[in-house]
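Contents: one structure, followed by commentary.
Every heavy atom of this structure was used, including side-chain atoms; hydrogens, water molecules and symmetry mates were not. It should be emphasised that the depicted structure is a prediction, and the values quoted were computed from it without experimental measurement. Order of the sequence lines sets the chain letters (A, B, ...), proteins ahead of strands, with each chain counted from 1.
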Amino acid sequence: MDPTESVSAAGPRPVVTRFAPSPTGELHLGNARTALFNLLLARHTEGRFVLRIEDTDRERSREGHTTALMADLTWLGIEWDAGPNREDERGPYRQSERAGLYQGFFAVLEERQTVYPCYCTPLELDLSRRAQLAAGRPPRYAGTCSALTAAERAQRQAQGLGATWRFRVPRGERVEFVDFVHGPQSFLTDDIGDFVIRRADGSAAFFFSNAVDDACMGVTQALRGEDHLTNTPRQMLILAALGLPRPSYGHISLIVGADGAPLSKRHGAVSVREYRERGYLPGAVVNHLFRLGHSSPLHGMLTLDEMARGFDATHLGRAPSRFDEQQLHVWQKDTVHRLSTESARAWLAPVLPPGLDEQSASAFVTAVRPNLVLPEDARAWVRIVFGAPPPLEPSAEVVVRGAGAGYFAAAAAAARESADLPAIVGAIRAATGRKGAELYMPLRVALTGLSHGPELAPLLKAMPAGQACERLARFA
RNA sequence: GCUCCCUUCGUCUAGAGGCCUAGGACAUAGCCCUCUCAAGGCUGUAACACGGGUUCGAAUCCCGUAGGGAGCGCCA
């Protein structure tokens, strides 16, 4: 089936996708990919992409995380049509501001008696779970409070026990749906315990708020992490009980580390922020994510628009994909090579010598950029170009000695006139008759201390006035 | 423990029973170009997790095994 086509009685509906993070931490690479794919899925047609902040857990949600999350998405170039800072009639887009709406739908469920109050304490529930696990059974809610009489409820309430509200899961039924990534799915309701949809403090729990919001916001495709796959029947049950439409669901596998284990701190950086701080560019990150768990006949660096055009939800992979930093490096290198001089200068600003004028900075950036992947790679070249004359590595020593004083006398004389490579090389050639590597290598080595590095001509131009001449004269 | 998901070159993947001697991209190796590195060009190495079926024919369908992952929360 084509998931980009959602058909209702009224005909094809425009696609609405969403990214619904909870602001309990930094934007994880896996979530960033989910956001990207949802954006692309919407943009592939003329659909809408919405950002919804799932901050119903007051203890763990922090406003700072929401701000950071949006900043990271924006940095990646992921822009939403509606969200916390772009409210419209379907909002508000923070769940913490939707309590009234949840209350309304909750009242419907209460009236239809598909929910009931549960007075079990966390301790009791924990004990029950352990006991079931120990007995080799699935740790499901035992149904202790499912058949309480009005009198029993009143009694518990009188004892001052707080109540959560559980959804009464029908017995002996089958919930089926077609996951647009994994294909047909079928679950037995008997495997699902009655679950909490309203916490003791009155707030809406995930299964409930998430499902209700998808319906209310007109979401047509819910593309999310595979960790939600087995939870989907619960949400379908809620939506069905409420008579609300459900989106079609698609679940993408999680991103794992190089060792195949779930991406975690021990793999190094896992958040978008960390990559940004290390100097990775958004285009590189996004191009890498685009290929993770998704295949496209398109090759090479793509813009978000090109990705959107080429995005194909039928080509979403089912297997977990590894986040391979080596592949990210390839995209990063490519991105760096394509930067305009101004952008490259800004990108390298943190490692450039303080107070360097714009023109010198541009010359430097132009010279070294082809050899960089990350800003830190430029540090060595900053030292070589702007610092004290670099010491010669042993092999370089040999090269310099082999060239002889006459070589460097000619070189220094020419360099005194200008930092123009052809002119300097021409003078040396005339004086020594050397050519090829014999001609160039002593020059490189005397100037940089190394036998490898960026092209000499731009490097020469990047050096402060008189620097080249000085370094060459050392060996004359 | 139970339920569910997953397994093709190093990596991302194409693959819907014969078009597969398994294709592509990146990585990698060699060569060319070249003052070195990078870039570019050319050529190469490299995979169907395993075992059984079904079939004239299986990467593809079925069963099992192994390995990985998720869910079963007053987290989302």
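Within 4.0 Å of A:N371, counting heavy atoms only, lies at least one base atom of the nucleic acid. Base contact: A:G453 has a heavy atom under 4.0 Å from a base atom. Residue contacts for A:R129: at a heavy-atom cut-off of 4.0 Å it reaches the sugar-phosphate backbone alone, with no base atom in range. A:H228 comes within contact range of at least one nucleobase, with a heavy-atom separation under 4.0 Å. In this structure, A:H329 reaches neither bases nor backbone, as no heavy-atom distance under 4.0 Å exists between it and the strands shown.
Nucleotide B:A59 forms a pair with no other nucleotide shown, judged by Watson-Crick or G-U wobble geometry with both contacts under 3.5 Å.
When the nucleotides B:G69, B:C35, B:A14 are ranked by their closest atom to the side chain of A:S295, B:A14 comes out on top. Distance from the side chain of A:L133 is smallest to B:G1 among B:U11, B:G1, B:C75. Nearest nucleotide to the side chain of A:N231, out of B:C72, B:C35, B:C12: B:C72. Closest to the A:F207 side chain, of the nucleotides B:A76, B:G69, B:G73, is B:A76. Which of B:C2, B:C37, B:A76 sits closest to the side chain of A:P138 comes down to B:C2. Taking every side-chain heavy atom of A:L292 into account, B:C12 is the closest of B:C75, B:C12, B:C74.
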Run the salt bridge (Lys or Arg N to Asp or Glu O under 4.0 Å) check on A:D420 and A:K461 step by step: do they pass? CA-CA 7 Å; A:D420 184 52; A:K461 296 234 188 300; 3.7 Å; yes

Can you check nucleotides 3-8 of chain B for protein contacts, nitrogen or oxygen pairs under 3.5 Å, and list what you find?
residue : atom : partner : partner atom : Å
B:C5    : O3'  : A:H182  : ND1          : 3.0
B:C5    : O2'  : A:E226  : OE2          : 3.1
B:C6    : OP1  : A:H182  : ND1          : 3.4

Listing time: all N or O pairs from protein to nucleotides 26-29 of chain B that are below 3.5 Å?
residue : atom : partner : partner atom : Å
B:C26   : O2'  : A:Q327  : OE1          : 2.9
B:C26   : O2   : A:Q327  : NE2          : 2.9
B:A27   : O2'  : A:Q326  : OE1          : 3.1
B:A27   : O2'  : A:Q326  : NE2          : 2.5

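In this structure, A:R52 forms no cation-pi arrangement with A:Y93, as its terminal cationic atom is not both closer than 6.0 Å to the ring centre and no more than 45° off the ring axis. Remark: A:R166 is positioned above the aromatic ring of A:Y141, its terminal NZ or CZ atom under 6.0 angstrom from the ring centre and at most 45 degrees off the axis.
At least one side-chain nitrogen or oxygen of A:R199 sits closer than 4.0 Å to the OP1 or OP2 atom of B:C75. Between A:T56 and B:A76 there is a side-chain N or O to OP1 or OP2 distance below 4.0 Å.
With A:T448 contributing its side chain and A:V445 its backbone, the two residues share no donor-acceptor pair below 3.5 Å.
B:A46 and B:G67 have their P atoms separated by 29 Å, with the value rounded to a whole Å. Rounded to a whole angstrom, the distance from the P atom of B:A70 to that of B:U60 is 27 Å.
Looking at which nucleotide of RNA chain B each of A:R137 and A:A457 is closest to, the 5′-most match is held by A:R137.
Between the side chain of A:R444 and the base of B:U36, at least one donor-acceptor pair of N or O atoms lies under 3.5 Å.
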